[in-house]
Amino acid sequence: MMRNFFSVVAGVLTASLLFGIGGLILLLTQLNKIKGHGEETDVESIASSFTIFSMLIIIIAMIIGAFVTVKISTRKDLAHGLITGAVCCVLFAYITEFDITIDTLVLYLIIMSAAGAGTLIGMRTKKKNQLPS
């Protein structure tokens, strides 16, 4: 039972760490596109590329986080992978001060879909690596 609990904790921490690293890399790559004072910066192109890359970072982080959860858990892999996604949704809601808009609801759907995909990938690879009985 404790191993299953820690599998969810490990998955959430993995997803959070990857999201933090990806966000830092995204921030550093976008900062060089901003021009100095008095110069015109194409803010719309920066904002659209920032949105696309941040969604990719969220998807990749959640897939890997749910995958880690499934690989560590002992049973009920689907439930533990989706719990990882739900915990990440709650953490994101806390960060945004529980602001419920269409954008955040879409983001929650993306997080849960990516967690489901990572869970299914983890379940498939877990079953392939087990020895036949």
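For the pair Ala115 and Gly85, the tightest heavy-atom approach, listed with the atom from each and the gap, is CB-CA, 3.7 Å. Residues Gly81 and Ala66 approach most closely at O-CB, 4.3 Å, considering heavy atoms. Of all the heavy atoms in Ala114 and Ile63, the pair that sits closest is O-CG1, 3.4 Å.
Remark: the backbone N or O of Ser7 is not paired with any side-chain donor or acceptor of His80 at under 3.5 angstrom.
At a threshold of 4.5 Å between side-chain heavy atoms, the hydrophobic network of Ile, Leu, Val, Met, Phe, Trp and Tyr places Leu24 and Leu17 in two separate groups. Note on Ile58 and Leu105: same hydrophobic cluster, where clusters join Ile, Leu, Val, Met, Phe, Trp and Tyr whose side-chain heavy atoms are under 4.5 Å apart, directly or indirectly. When the side chains of ILVMFWY residues are joined at heavy-atom separations under 4.5 Å, either directly or via intervening members, Phe53 and Ile60 end up in two distinct hydrophobic clusters.
Val12 pairs in a side-chain contact (heavy atoms from CB on, under 4.5 Å) with only one of the listed residues (Val68, Val87, Thr69, Ile83), which is Val87.
The line from SG of Cys88 to CG of Leu107 is 11.0 Å long, rounded to the nearest 0.5 Å. Taken to the nearest 0.5 Å, the SG atom of Cys89 stands 4.5 Å off from the CD1 atom of Ile111. Distance check: Ile110 CD1 to Leu56 CG gives 10.0 Å after rounding to the nearest 0.5 Å. Atom-to-atom distance recorded for Ile25:CD1 and Ile57:CD1 is 7.5 Å, nearest 0.5 angstrom. Put simply, CD1 on Ile64 and CD1 on Ile59 are 12.0 Å apart, with the number rounded to the nearest 0.5 Å. To the nearest 0.5 angstrom, Thr96 atom OG1 is 4.0 Å from Tyr108 atom OH.
Contacts of Thr119 classified as side-chain hydrogen bond (donor to acceptor under 3.5 Å, both in side chains), with partners at least two apart in sequence or in another chain: none. Every residue meeting the side chain to side chain contact (heavy atoms under 4.5 Å, CB included) condition with Ser54, not counting sequence neighbours, appears here in chain and number order: Leu26. Under the rule for a side-chain hydrogen bond (donor to acceptor under 3.5 Å, both in side chains), the partners of Asn4 that lie at least two apart in sequence or sit in another chain are Thr74.
Residues Leu82 and Met112 are in side-chain contact: their nearest non-hydrogen atoms beyond the backbone lie under 4.5 Å apart. Between Val70 and Phe67 there is no side-chain heavy-atom pair separated by less than 4.5 Å. Between Leu18 and Met62 there is no side-chain heavy-atom pair separated by less than 4.5 Å.
When the shell of 6.0 Å around OH of Tyr94 is examined, it contains 12 or fewer heavy atoms from other residues, nucleotides or ligands. Other residues, nucleotides and ligands place no more than 12 heavy atoms under 6.0 Å from the CD1 atom of Ile102.
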Please test Ile72 against Phe6 for side chain to side chain contact (heavy atoms under 4.5 Å, CB included), starting from the C-alpha separation and ending with a verdict.
CA-CA 8 Å; Ile72 296 173; Phe6 285 120; 5.9 Å; no

